[in-house]
Amino acid sequence: MNTIYALYKILYKTYGPQGWWPITGYGYHKADYNFPRSENEIFEVCIGSILTQNTTFTSVVKSLENLYAKNALSATAIVSMECDKLKEAIRPSGYFNQKARYILEFIKLYNALAGKVPRREALLDVVGIGEETADSMLLYGYNQREFKVDAYTKRILLELGIIEQKSSYSEVKMLMESSLKECVSNEDELLKVYQEFHALLVEHGKNFYSKKPYGVGCFLKEHLR
DNA sequence: AGCCAGGCTACCG
DNA sequence: CGGTAGCATGGC
């Protein structure tokens, strides 16, 4: 068992299953991996992935509920909305001008897919979709084995001395994926580990890595010694 | 009052 | 290439 997988086991034992990605009208679905359950739920995860950029998820929930209340939580409904109405609905998540554009740009690709799984490269070609957002859509919307790296992931691994400050997104992603593949041979199990691990890192990050100095009281440091 | 949040683009050197 | 201002609202 390598360090990364050991880290996962500690977090899972501490916090348990997280049930990401939460779905409007249902919420988190702990220990139930049969999500998303429909085309519209896949779409919702993708839109949520854009909305959550540099924003708390509670704000995203408000935006998604605004869209839901307008019966506009689908690709066809959003493109037929007035752009100002879209902005109004997603306003709570911040950056509503750019995010409205990003959503409309994404929908072009989404419609062209006709239900198929997008290639990572195709997602990255969409304005407003960077590496983390692409991996978020693929991992939680399309159940693809793509590890999602975020600010907490880097912050925690840096504090533990596992990566360096200058480590790039793809370097961290590859480290996580190669380490986990060594320990988890079953592909379905590996997908679950990717989904839970990222959520667990966020939960742990909120607890010990949101304000400086980072890592005060973090028990991972002791466990990995 | 000020800092941070489940980032990305555009532009700089 | 790596580094950073700007984007905007809400919560604490």
Side-chain angles (χ1 to χ4, degrees), chain A residues 8 11 15 17-24 27-30 35-36 44-67 83-109 120-142 146-159 163-173 176 194-216:
Chain A
Y8 170 72
L11 289 173
Y15 299 110
Q18 299 298 297
W20 280 31
W21 189 279
I23 297 293
T24 300
Y28 293 89
H29 41 92
K30 301 193 176 189
F35 280 80
E44 181 190 323
V45 173
C46 293
I47 298 308
S49 298
I50 291 173
L51 291 175
T52 197
Q53 291 170 0
N54 203 35
T55 308
T56 55
F57 203 82
T58 51
S59 297
V60 175
V61 168
K62 286 176 190 164
S63 297
L64 292 174
E65 283 175 349
N66 287 343
L67 289 170
C83 192
D84 283 345
K85 295 292 182 187
L86 173 60
K87 290 180 180 177
E88 186 184 320
I90 66 173
R91 186 185 180 88
S93 315
Y95 308 140
F96 54 84
N97 289 307
Q98 356 182 358
K99 285 178 178 174
R101 179 184 170 212
Y102 295 169
I103 287 170
L104 293 172
E105 294 286 342
F106 166 71
I107 289 177
K108 290 181 192 169
L109 169 64
R120 191 168 187 270
E121 307 308 317
L123 287 170
L124 293 175
D125 281 342
V126 177
V127 186
I129 301 183
E131 298 203 87
E132 188 186 336
T133 306
D135 287 334
S136 181
M137 292 179 177
L138 290 168
L139 179 60
Y140 294 110
Y142 292 92
E146 298 283 352
F147 199 91
K148 176 183 176 181
V149 177
D150 76 325
Y152 284 133
T153 307
K154 285 190 186 175
R155 223 173 262 175
I156 293 168
L157 295 179
L158 179 63
E159 178 69 18
I163 64 170
E164 300 176 65
Q165 182 75 50
K166 60 172 182 165
S167 298
S168 68
Y169 185 98
S170 59
E171 284 170 346
V172 178
K173 177 182 167 78
M176 300 304 269
Y194 282 12
Q195 292 179 332
E196 289 293 358
F197 203 169
H198 170 71
L200 288 164
L201 285 166
V202 172
E203 178 59 27
H204 189 68
K206 284 177 181 169
N207 292 336
F208 300 104
Y209 290 84
S210 60
K211 53 176 184 283
K212 295 180 180 179
Y214 297 138
V216 176

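In what follows, every chain begins at residue 1, and chains take the letters A, B, ... in the order their sequences are listed. Side chains are part of it too, since the values below use all heavy atoms of this structure and drop only hydrogens, waters and symmetry mates.
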(message) side chain to side chain contact (heavy atoms under 4.5 Å, CB included) for A:Glu146 and A:Lys173? Distances and angles first, verdict last.
(response) CA-CA 8 Å; A:Glu146 298 283 352; A:Lys173 177 182 167 78; 2.7 Å; yes
(request) Go through A:Lys108 and A:Glu105 one step at a time and tell me if the salt bridge (charged side-chain N to carboxylate O under 4.0 Å, His left out) criterion holds. (result) CA-CA 5 Å; A:Lys108 290 181 192 169; A:Glu105 294 286 342; 3.8 Å; yes
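Nucleotides of DNA chain C that come within less than 4.0 Å of any heavy atom of chain A span, from the 5' end to the 3' end, C:dC7 to C:dG11.
In this structure, the ring of A:Tyr8 has its center less than 6.0 angstrom from the ring center of A:Phe197.
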Are any protein N/O atoms closer than 3.5 Å to N/O atoms in nucleotides 2-6 of chain B? If there are, list each pair with its distance.
{"from": "B:dA5", "atom 1": "OP1", "to": "A:Arg155", "atom 2": "NH1", "distance (Å)": "2.9"}
{"from": "B:dG6", "atom 1": "OP2", "to": "A:Tyr152", "atom 2": "OH", "distance (Å)": "3.0"}
{"from": "B:dG6", "atom 1": "O6", "to": "A:Tyr28", "atom 2": "OH", "distance (Å)": "2.9"}

Give me, pair by pair, the N or O atoms of the protein and of nucleotides 9-13 of chain B that are less than 3.5 Å apart, along with how far apart they are.
{"from": "B:dT9", "atom 1": "OP1", "to": "A:Gly128", "atom 2": "N", "distance (Å)": "3.0"}

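Residues A:Asn66 and A:Ser63 have side chains that never bring a donor and an acceptor to within less than 3.5 angstrom of each other. Between the side chains of A:Lys99 and A:Thr55, at least one donor N or O lies within less than 3.5 Å of an accepting N or O. Side-chain atoms of A:Thr133 and A:Gln53 form a donor-acceptor pair, as typed in the model, at a separation below 3.5 Å.
Nucleotides C:dA8 and B:dA10 have their P atoms positioned 14 Å apart, rounded to a whole Å. Nucleotides B:dG6 and C:dT4 are separated by 22 Å at their P atoms, to the nearest Å.
Summarising the geometry of A:Ala134 relative to A:Leu124, their closest heavy-atom pair is CB-CD2, 3.9 Å, with the distance given to 0.1 Å. Closest of all the heavy-atom pairs between A:Leu67 and A:Ala89 is CD2-CB, 3.7 Å. Taking every heavy atom of both residues into account, A:Cys46 and A:Tyr142 meet most closely at SG-CE1, 3.7 Å.
For the pair A:Ile156/A:Glu159, no side-chain contact is recorded, criterion being any heavy-atom separation below 4.5 Å from C-beta on. Contact of the A:Tyr28 side chain with the A:Trp20 side chain is registered, since non-hydrogen atoms from C-beta on lie closer than 4.5 Å.
Residues that satisfy the ring-ring contact (aromatic ring centres under 6.0 Å, His included) test with A:Phe96, not counting sequence neighbours, are absent from this structure. Applying the side chain to side chain contact (heavy atoms under 4.5 Å, CB included) criterion to A:Lys85, with sequence neighbours excluded, gives A:Met81, A:Glu82, A:Glu88.
In secondary-structure terms, DNA chain B builds stems of at least 3 consecutive Watson-Crick or G-U pairs, each pair having both distances under 3.5 Å, at B:2-5 with C:9-12, B:7-13 with C:1-7.
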